[in-house]
Asks: 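I'd like to ask you about the structure that follows.
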Amino acid sequence: MYDVIVVGGGVIGGTILRALSKYNYSICLLEKENDVCMGQSKANSGIVHAGFDAHVGTLKAKFNVLGCQMMPDYAKELGVKYLNCGSLVVAFNESDVAMLNNLLERGEKNGVKELEIIDSAKLHELEPNVSPNAIAALYAPTAGIICPYCLTIAAIGNAMDNGADLITNFELTKVEKMDRGFKLYSKDNKTVEGKVVINCAGIGSTKVANAFGDYSFEIKGKRGEYILLDRESGDFVSHTLFFTPTEKGKGILVSGTADHNIILGPTSEKVEDITPITTQKGLAEVMAKAKIMCPNTPIYNSITSFTGVRAYTEKGDFIIEESKAVDNLINCVGIESPGLTSAPAIAEYVCEMINNKLHGEKKADFNGTRTPEYFFKDLSVAEKNEIIKKDPSFGRIICRCEQITEGEIIKAIRENPPARDIDAIKRRTRSGMGRCQGGFCQPQVAEILARELGVELTEITKNGVGSELVIAKTK
Amino acid sequence: MKENYDIVIIGGGPAGLAAAVSAYDNGAKNILILEREPRLGGILNQCIHNGFGLTRFKESLSGPEYAYRFIKEVEARDIDVLLNTTVLSLEDNKTITAINSEYGVFSITPKAVILSMGCRERSRGALNIPGSRPAGIYSAGTAQKYVNIKGYLPGKRVVILGSGDIGLIMARRMTLEGAKVLAVCEIMPYSSGLRRNIEQCLNDFNIPLYLNHTITKIEGTSRVTGVVVSKVDENKQPIEGTEMHFDCDTVLFSVGLIPENELTKGAGIEQSRNTRGAVVYQNRETMIDGIFACGNVLQVHDLVDFVSEESEIAGACAANYVLNGRQEHNPISCINGDNISYVLPQKIDKNIPGNVKLFFRVRNTFKHCKIVVESNGVVLQEKKKLICVPGEMETVILSSDVIAKAEGDIVVRLEC
């Protein structure tokens with residue numbers, strides 16, 4: 001029986017797992033997909049928000065500001081790229097400017113440092129591509145960008161390196177209350193037992209809570225569509241640019257990413273069907289709004305579009321508490337934006353809740369660092385050559401657009417959390433994330449994966465059973 | 001690998017091979033080809049259909065057969081080849097940095113560089129086709145690699161978007177492998193493929209071609225389960241109410257080829273917005289002295305025969321550059337006029353003797369038309385055509401006498 005079971009391998013589950021792995025608990029992460037980070041944690045803006053959006057006194061405000069402060073060190077320890085690029089909330093008219101003043105005041109109350117309202121001249125000096133119609137902006141130098149799936153994967157990998165277990169393809173469907181804990185059943189009748197369960201199942205967390213007999217909340221889905229531009233346009237903006245928020249939300253942003261692409265989006269549409277699809281209407285809206293912010297947005301350099309379905313509650317704040325209906329079930333749900341930013345702080349907080357229950361001790365041999373091996377491209381020539389000398393597979397480029405080597409792909413398959421499909425390799429190495437979108441490298445990556453796993457190419461999937469790349473050998 | 005080379009050729013596909021042979025035969029003796037794949041031949045290796053070489057060899061060869069003729073020529077000469085070697089960067093001083101397992105990351109600075117990196121396929125993402133992102137969505141060339149090189153079939157029921165040549169070839173190839181190709185959709189009012197491919201790959205197999213149609217939705221969570229196809233108006237916008245649904249497990253994209261010019265950009269070489277390749281003189285020298293470009297990295301050709309022809313020019317001129325040093329340029333521009341989408345070379349150097357063959361494409365389908373080459377309003381040359389289509393490259397040969405007559409820039413236009 002595990003001390004703690006975390007349900008859901010997103011950024012919240014992942015960072016909590018890692019926080020718990022510092023203690024002498026036996027812990028396990030359950031993930032319903034073939035890989036971790038398959039929900040909203042892989043399809044969001046990747047913004048580390050400064051913390052002026054959330055209303056004073058909310059959990060969102062508290063964890064956002066804390067998380068934003070923690071993120072630079074947290075990312076560094078895990079070998080994840082974080083860029084402190086700063087953000088700008090751009091005003092286009094006088095009522096926007098009034099809102100900026102509200103945000104400034106709110107941000108200061110929340111504890112955000114260095115906020116400043118800047119005029120049009122300063123704004124256009126910082127961002128020459130912003131529309132000439134923009135008249136002012138709220139500048140938040142503490143904001144940043146990070147790759148959300150790199151952070152999630154690194155946190156889970158580091159927890160596993162420190163003893164945590166991961167079970168993928170475990171879709172929780174039934175729970176049995178036992179004397180001193182729970183027995184969790186998967187759809188295909190696998191079982192896992194644990195004393196305490198933490199529900200971080202994102203869009204699926206209502207189902208998880210219901211399986212325990214907790215009906216206290218309902219999580220709904222909001223679709224956010226994005227367009228990603230080629231790295232060639234990576235210098236188009238250097239800060240994260242937001243529209244001035246309205247009741248509808250923060251609107252569409254124009255921002256760089258940690259990997260030097262440009263991201264445009266998200267739309268925000270409440271949906272019943274949580275399948276992450278893009279729509280003609282949504283993509284058109286992203287393009288139109290981006291062009292209002294920056295008229296010269298190089299849409300022609302689009303390399304992909306995608307959707308994230310964000311879990312939210314009507315209440316509008318995060319729910320992070322022990323279930324009132326079920327002892328030893330902790331819900332961390334409704335974690336929409338700024339969830340990514342808040343994750344390291346939420347993890348600490350939840351870990352404290354567990355410590356108060358189970359009184360674990362810190363492990364002496366915990367190693368919180370993870371080497372940033374997937375940045376081979378960024379190493380010096382001497383460093384690269386040293387690695388290639390030891391392992392020649394680092395001298396073979398597989399993904400030409402992102403310059404990813406065979407060595408990196410093999411590492412992704414062998415390391416924690418092990419990549420088992422094409423998309424998993426893509427998220428860990430960036431192979432297939434460039435301008436050709438895997439057109440050249442996918443057959444090669446599939447072959448490496450088949451070779452490493454000792455299976456036929458017909459068994460290799462894009463993202464789990466049912467998504468096989470090829471159906472049969474040719475005649 | 002030697003310390004120094006006179007000419008380094010980036011890419012060992014049809015362009016690089018022909019350039020190497022030509023450079024050698026024109027006197028350059030210290031030549032290296034860098035190829036990222038484990039074998040020479042480039043994309044021809046996966047093009048197992050025939051039809052290659054009709055112009056050059058007057059016989060119909062498969063892609064690998066065509067490539068092999070040039071590989072044999074390279075092997076017969078003292079030309080160095082490094083396989084499994086990817087070029088990471090090129091600088092304007094011609095320093096090439098490359099990587100492989102044997103030498104690690106290394107740099108060479110030859111006297112001349114020939115760019116022959118070829119092109120890549122536009123992907124679904126470049127078009128922002130809405131819907132889900134399941135397995136079963138491939139560019140036509142990727143599917144071709146799975147079928148012809150790896151020996152696996154990507155799917156059974158196929159819809160193809162775009163009627164480029166690779167898409168047409170794959171419609172036939174998938175059919176021969178037992179798949180059902182339900183439709184080929186083309187957003188334009190015409191196909192960008194060769195007319196012979198429409199006949200031999202679609203019509204011969206009763207595969208319907210829907211002109212003025214595009215995919216407006218891809219369905220399926222794990223695997224593609226279907227697509228919605230809509231008719232488009234003259235602005236290429238989908239028309240509501242024209243939706244057709246196809247149950248399929250595979251979608252192939254054949255929506256254009258993009259010259260792979262990341263190295264070119266990195267070196268700061270001037271590029272043309274029309275071709276998305278380098279701007280060159282008739283000798284295929286770019287605007288940086290001693291760096292030449294040829295083949296699909298320069299302009300996307302319809303036939304490999306023309307790639308070879310162009311690359312021989314680049315190879316010979318690179319050899320001349322190495323042997324005789326830099327020559328003074330005296331350029332005039334070649335500009336695309338009415339109904340012409342691009343002209344190559346973009347510049348004619350009047351100091352270079354000999355005829356110049358202009359390559360260009362028309363913007364639409366035209367019947368009973370006239371190609372006019374003029375300078376300062378004076379017609380230099382005319383050529384009557386029964387039909388011109390965007391999918392088939394046009395050429396005009398200007399003699400040195402005609403070039404000498406050009407007072408200013410040369411404009412190529414089509415008159416109907």
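Since the structure is predicted, the reported quantities are computational estimates derived from the model, not experimental observations. Letters A, B, ... mirror the listed sequences (proteins, then strands); counts begin at 1. Only heavy atoms go into these numbers, but all of them, side chains included; no hydrogens, no water, no symmetry mates.
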Asks: Sort B:Leu127 into side chain, backbone, both or neither according to what part of it lies under 4.5 angstrom from a heavy atom of chain A.
Replies: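 It is neither, since no heavy atom gets under 4.5 Å.
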Asks: Between B:Ala143, B:Gly178, B:Ser101, B:Ser107, which residue shows the highest count of heavy-atom pairs closer than 4.5 Å to chain A?
Replies: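 The candidate making the most pairs under 4.5 Å is B:Ser101.
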Asks: Tell me, out of A:Arg396, A:Glu386, A:Gln280, who's got the most heavy-atom pairs with chain B below 4.5 Å.
Replies: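 Among the listed options, the one with the most contacts to chain B is A:Gln280.
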Asks: At a heavy-atom separation under 4.5 Å, does A:Ala446 approach chain B through its side chain, its backbone, both, or neither?
Replies: side chain
Asks: For the CD atom of A:Gln444 and the NZ atom of B:Lys150, what is their distance to the nearest 0.5 Å?
Replies: 6.0 Å
Asks: Top residue by heavy-atom pair count (under 4.5 Å) with chain A, among B:Pro154, B:Gly141, B:Ser132?
Replies: B:Pro154
Asks: Measure A:Pro443 against the heavy atoms of chain B and call it side chain, backbone, both or neither at under 4.5 Å.
Replies: both
Asks: By a 4.5 Å heavy-atom criterion (distance strictly below it), what part of A:Leu469 contacts chain B: side chain, backbone, both, or neither?
Replies: both
Asks: Which bit of A:Glu406 comes within less than 4.5 Å of chain B, counting heavy atoms only: side chain, backbone, both or neither?
Replies: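 Contact with chain B is absent: no heavy atom of A:Glu406 under 4.5 Å.
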Asks: Compare every heavy atom of A:Ser467 with every heavy atom of B:Ser222, then report the nearest pair and how far apart it is.
Replies: O-CB, 3.3 Å
Asks: Under 4.5 Å from any heavy atom of chain A, what part of B:Lys156 do you find: side chain, backbone, both or neither?
Replies: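 Answer is both: backbone and side chain atoms of B:Lys156 are under 4.5 Å from chain A.
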Asks: Given heavy-atom pairs under 4.5 angstrom as the criterion, report whether the side chain, backbone, both or neither of B:Tyr103 touches chain A.
Replies: backbone
Asks: Measure A:Arg435 against the heavy atoms of chain B and call it side chain, backbone, both or neither at under 4.5 Å.
Replies: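 The answer is both parts of A:Arg435.
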Asks: Taking NZ in B:Lys265 as the centre, count heavy atoms belonging to other residues, nucleotides or ligands within less than 6.0 Å. Is the count above 12?
Replies: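 Yes, the 6.0 Å shell around NZ holds more than 12 heavy atoms from other groups.
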Asks: Would you compute the distance between atom CD of A:Gln442 and atom OG of B:Ser139 and round it to the nearest 0.5 angstrom?
Replies: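 Going from CD on A:Gln442 over to OG on B:Ser139, the span is 9.0 Å.
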Asks: Which members of residues 32-49 of chain B, sorted by number, sit under 4.5 angstrom from chain A on a heavy-atom basis?
Replies: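 Answer by number: B:Arg36, B:Glu37.
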Asks: Counting only non-hydrogen atoms closer than 4.5 Å, can you tell me which residues of residues 453-465 of chain A sit against chain B?
Replies: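 So the qualifying residues are A:Glu456, A:Leu457, A:Thr458, A:Lys462, A:Val465.
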Asks: So which of B:Val147, B:Asn128, B:Ile129, B:Thr142 has the biggest tally of heavy-atom pairs under 4.5 Å with chain A?
Replies: B:Asn128
Asks: Determine yes or no for a side-chain-to-main-chain donor-acceptor pair under 3.5 angstrom, with A:Thr278 supplying the side chain and B:Gly131 the backbone.
Replies: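 Yes; judged by distance alone, with no hydrogens or angles, the pair exists.
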Asks: Can you say whether A:Tyr300 sits under 4.5 Å from chain B via the side chain, the backbone, both, or neither, judging by heavy atoms?
Replies: neither
Asks: Can you confirm whether more than 12 heavy atoms, excluding those of A:Lys42, are under 6.0 Å from its NZ atom?
Replies: yes
Asks: Given that the side chain runs from C-beta out, which part of A:Thr279 has a heavy atom under 4.5 Å from chain B: side chain, backbone, both or neither?
Replies: backbone
Asks: Looking at A:Ile303, A:Ile422, A:Ile471, A:Asp391, which has the largest count of heavy-atom pairs under 4.5 Å with chain B?
Replies: A:Ile471
Asks: Drop me the distance from B:Leu176's CG to A:Thr474's OG1, to the nearest 0.5 angstrom.
Replies: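 It comes to 12.0 Å.
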Asks: Any sub-3.5 Å donor-acceptor pair from B:Arg223's side-chain atoms to A:Glu468's backbone N or O?
Replies: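 Yes; judged by distance alone, with no hydrogens or angles, the pair exists.
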Asks: Can you pull out the residues in residues 249-263 of chain B with any heavy atom less than 4.5 Å from chain A?
Replies: B:Glu260, B:Glu262
Asks: List for me each residue that meets side chain to side chain contact (heavy atoms under 4.5 Å, CB included) alongside B:Val105, sequence neighbours excluded, and say none if there are none.
Replies: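 For B:Val105, the residues satisfying side chain to side chain contact (heavy atoms under 4.5 Å, CB included) (neighbours in sequence not counted) are A:Val381, A:Lys384, A:Asn385, A:Ile388, B:Leu88, B:Thr97, B:Ile99.
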Asks: With a 4.5 Å cut-off on heavy-atom pairs, point out which of A:Gln437, A:Arg400, A:Lys473 contacts chain B the most.
Replies: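 Option with the top pair count is A:Arg400.
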Asks: Do you know the tightest heavy-atom contact between B:Ser123 and A:Cys436?
Replies: CB-O, 4.1 Å
Asks: Go through the steps for B:Arg133 and A:Thr304 under the test side chain to side chain contact (heavy atoms under 4.5 Å, CB included), then give the verdict.
Replies: CA-CA 10 Å; B:Arg133 299 203 296 167; A:Thr304 191; 3.5 Å; yes
Asks: Identify which part of B:Thr216 has an atom lying under 4.5 Å from any heavy atom of chain A, answering side chain, backbone, both or neither.
Replies: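 Both backbone and side chain of B:Thr216 come within 4.5 Å of chain A.
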Asks: Counting neighbours of CZ on A:Arg223 that are heavy atoms of other residues, nucleotides or ligands and sit closer than 6.0 Å, is the number greater than 12?
Replies: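 Yes - once you tally the heavy atoms of other residues, nucleotides and ligands closer than 6.0 Å, there are more than 12.
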